[in-house]
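To start, the structure itself, in structure tokens.
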Amino acid sequence: MASPSHKKTSSSRRDRISGLPDNILGHVLSFLPNKEAARAALLARRWRHAFGSVHTISFEEEEGEREDDWITFYYESEERKSCSKGILDGIGAALLCRRRCAGALQVPVRSFHFAFDSWHWWDKVAIDQWLAYVLPRRDCNSHPGLHLDLRFHISSVCALNERKRDAGSDSDDDGHGNRWRYLLPERLFSCTALRTLCITYCRLKLPKINAIDLPFLDTMRLTALGDSGRSIQRLISSCPRLVDLTLEALWNLKRVSVLDKRLLRLAIHCCHNLKSVDIDASELRSLDYSGREPAESFLTLHGSPATTTSCTISLCKALSKEAEFSKLTSFLEEISKAKHLHLHHESFENRFFDVGFPLFPSLTRLTLQGCVQSRNTVVAPVAHMTIVRTLLAVASVRHWCYQYFT
């Protein structure tokens with residue numbers, strides 16, 4: 001008969017993690033990179049089918065990874081292989097492993113993310129198969145929610161903006177027209193399980209009028225799409241629960257109106273042709289703008305604007321003309337109720353604040369980032385802030401950094 005001490009030792013060495021059900025093990029492995037999760041599933045027989053319950057699929061290339069691959073993969077290869085062999089094989093293996101190991105327990109994919117250094121039309125068939133597997137086919141009421149992040153080109157927003165396209169054009173300056181962008185499947189826009197949609201450098205295939213059905217989508221990021229501004233506006237208007245919206249490098253977008261829903265966060269990055277933005281700001285908490293100086297009457301806040309917690313303004317180029325300073329002042333007047341203001345400009349001069357710099361009665365924190373001509377430059381904006389309890393002004397001249405507190 002075993003002694004009590006021996007029983008206690010055996011109990012303490014028991015593998016309690018392996019005793020968990022497959023769906024719990026799969027949930028735990030979902031927090032690891034997919035390659036690491038696959039390796040963990042090979043630890044023991046008990047873990048053999050755990051990867052079938054992993055609900056997060058994520059693979060990405062590095063920027064510039066395929067820059068010199070075209071000679072090998074296109075001109076010298078008889079099979080005309082894709083340059084993205086690694087990411088194609090990785091995602092394909094992960095999805096096949098889930099399907100093979102899941103058995104009767106089909107755990108839906110909750111998060112699907114990929115990032116190509118530069119997508120090529122050869123990869124279309126594989127991507128079609130991925131999305132056909134990931135998107136729910138039946139009633140999505142029981143689905144826990146799907147988060148999609150599909151990036152067909154890795155680059156900075158400014159670089160993507162330089163690759164601008166005319167909507168509906170079949171050719172452009174580098175010989176690859178809008179038709180070579182990946183066309184998202186129409187079924188994606190009727191996926192009621194969708195919660196997050198982030199898409200970069202592709203095209204929309206919106207269904208007919210009133211056929212878009214995204215009732216639970218709350219977060220959307222649209223980057224460098226080749227579609228017209230009308231299509232982008234239609235997609236935004238078709239998301240009744242949208243609270244977080246990011247628009248980046250949308251060259252064809254001229255106007256945006258979000259009056260039928262209340263956003264909590266709005267970000268606009270390098271949409272240089274955007275002329276007007278009308279939003280219901282009743283619950284707006286965060287506003288982020290980067291680009292050129294905004295046009296006259298660029299931003300209009302409707303409703304009863306709440307005190308926006310955070311505003312970040314970053315200008316791509318230094319302002320030099322009085323008209324440009326005037327446009328910025330009009331823009332700042334719309335956000336004058338902000339509590340936190342981060343203003344980034346290449347050069348801060350006294351005249352930057354002399355052209356009717358607005359009052360910020362609720363401001364508690366101010367960050368000025370950029371070069372200054374003299375130390376006294378930062379005094380001007382401070383004089384306009386009537387209630388500044390915590391003031392942080394950062395201004396750098398070459399390698400110098402000054403911090404001012406009140």
Side-chain angles (χ1 to χ4, degrees), residues 33-35 38 56-100 109 111-135 137 146 148-157 159-189 191 197-206 221-227 231 248-249 251:
N34 285 144
K35 292 183 179 180
T56 299
I57 305 297
S58 178
F59 286 85
E60 61 182 50
E61 297 178 324
E62 296 182 0
E63 185 176 355
E65 179 179 339
R66 295 173 37 195
E67 186 175 359
D68 300 323
D69 287 351
W70 284 107
I71 294 178
T72 301
F73 283 88
Y74 185 77
Y75 295 103
E76 297 180 358
S77 175
E78 295 181 358
E79 300 177 4
R80 296 293 190 270
K81 298 178 181 178
S82 170
C83 297
S84 298
K85 181 177 181 297
I87 190 173
L88 294 175
D89 290 348
I91 296 180
L95 296 181
L96 286 174
C97 185
R98 287 186 79 259
R99 189 168 185 176
R100 183 179 66 251
V109 176
S111 178
F112 184 62
H113 161 75
F114 64 71
F116 285 89
D117 174 36
S118 184
W119 174 80
H120 193 272
W121 62 272
W122 280 339
D123 309 326
K124 179 182 183 301
V125 175
I127 298 174
D128 287 343
Q129 293 174 346
W130 299 345
L131 294 180
Y133 176 83
V134 170
L135 295 176
R137 297 184 179 181
L146 177 61
L148 293 181
D149 187 355
L150 314 179
R151 300 181 61 185
F152 293 86
H153 186 73
I154 300 176
S155 184
S156 65
V157 176
L160 286 172
N161 201 30
E162 293 176 358
R163 297 169 65 93
K164 57 186 178 292
R165 303 289 191 269
D166 293 330
S169 175
D170 287 338
S171 62
D172 52 39
D173 52 355
D174 64 3
H176 295 280
N178 213 21
R179 60 181 176 177
W180 299 121
R181 293 191 185 212
Y182 181 78
L183 185 62
L184 294 172
E186 183 175 329
R187 188 162 65 91
L188 185 148
F189 302 101
C191 177
L197 178 61
C198 301
I199 49 179
T200 299
Y201 205 72
C202 58
R203 287 190 296 155
L204 308 174
K205 187 179 182 181
L206 299 180
R221 187 188 73 228
L222 307 177
T223 305
L225 302 183
D227 298 86
S231 296
E248 298 178 322
W251 188 259

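Side-chain contact check for L150 versus L184: some heavy-atom pair is nearer than 4.5 Å. Side-chain contact between S155 and E63 is present, with at least one heavy-atom pair separated by less than 4.5 Å. The closest side-chain heavy-atom distance from I57 to S111 is not below 4.5 Å. Inter-residue side-chain proximity for S84 and H120 is flagged as unmet; no heavy-atom pair is nearer than 4.5 Å. At a threshold of 4.5 Å between non-hydrogen side-chain atoms, the residues L197 and L188 count as touching. In this structure, I91 and N34 have side chains that are not in contact, with every pair of non-hydrogen atoms separated by 4.5 Å or more. Under the 4.5 Å side-chain criterion, counting only non-hydrogen atoms from C-beta, L148 is in contact with L135. Between R221 and D149, some side-chain heavy-atom pair lies under the 4.5 Å cut-off.
Closest heavy-atom contact between A126 and L88: CB-CD2, 3.9 Å. Residues L204 and S231 share a closest heavy-atom pair of CD1-O, 4.4 Å. Summarising the geometry of I154 relative to E61, their closest heavy-atom pair is CD1-O, 3.0 Å, with the distance given to 0.1 Å.
In this view, F59 satisfies the ring-ring contact (aromatic ring centres under 6.0 Å, His included) rule with no residue, not counting sequence neighbours. Looking at residues two or more places apart in sequence or on another chain, you find a ring-ring contact (aromatic ring centres under 6.0 Å, His included) between F114 and F112, F116, W130, F152. In this structure, T56 has no side-chain hydrogen bond (donor to acceptor under 3.5 Å, both in side chains) partners at least two apart in sequence or on a different chain.
One finds the CZ atom of R181 at 4.5 Å from the OH atom of Y201 (value rounded to the nearest 0.5 Å). For the atom pair L183 CG and D128 CG, the distance stands at 9.0 Å (nearest 0.5 Å). Put simply, OG1 on T223 and CG on L225 are 7.0 Å apart, with the number rounded to the nearest 0.5 Å. Atoms CD and CG, from E62 and D117 in turn, are 9.5 Å apart once rounded to the nearest 0.5 Å. Note that CG of D227 is 8.0 Å distant from SG of C202, once rounded to the nearest 0.5 Å.
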Inset, instruction - Start with the C-alpha distance between V125 and Q129, add both sets of side-chain angles, then the distance that settles side chain to side chain contact (heavy atoms under 4.5 Å, CB included), and finish with yes or no. - result: CA-CA 6 Å; V125 175; Q129 293 174 346; 4.0 Å; yes
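Checked by atom type, the side-chain pair Y133/R98 shows a donor-acceptor distance below 3.5 Å.
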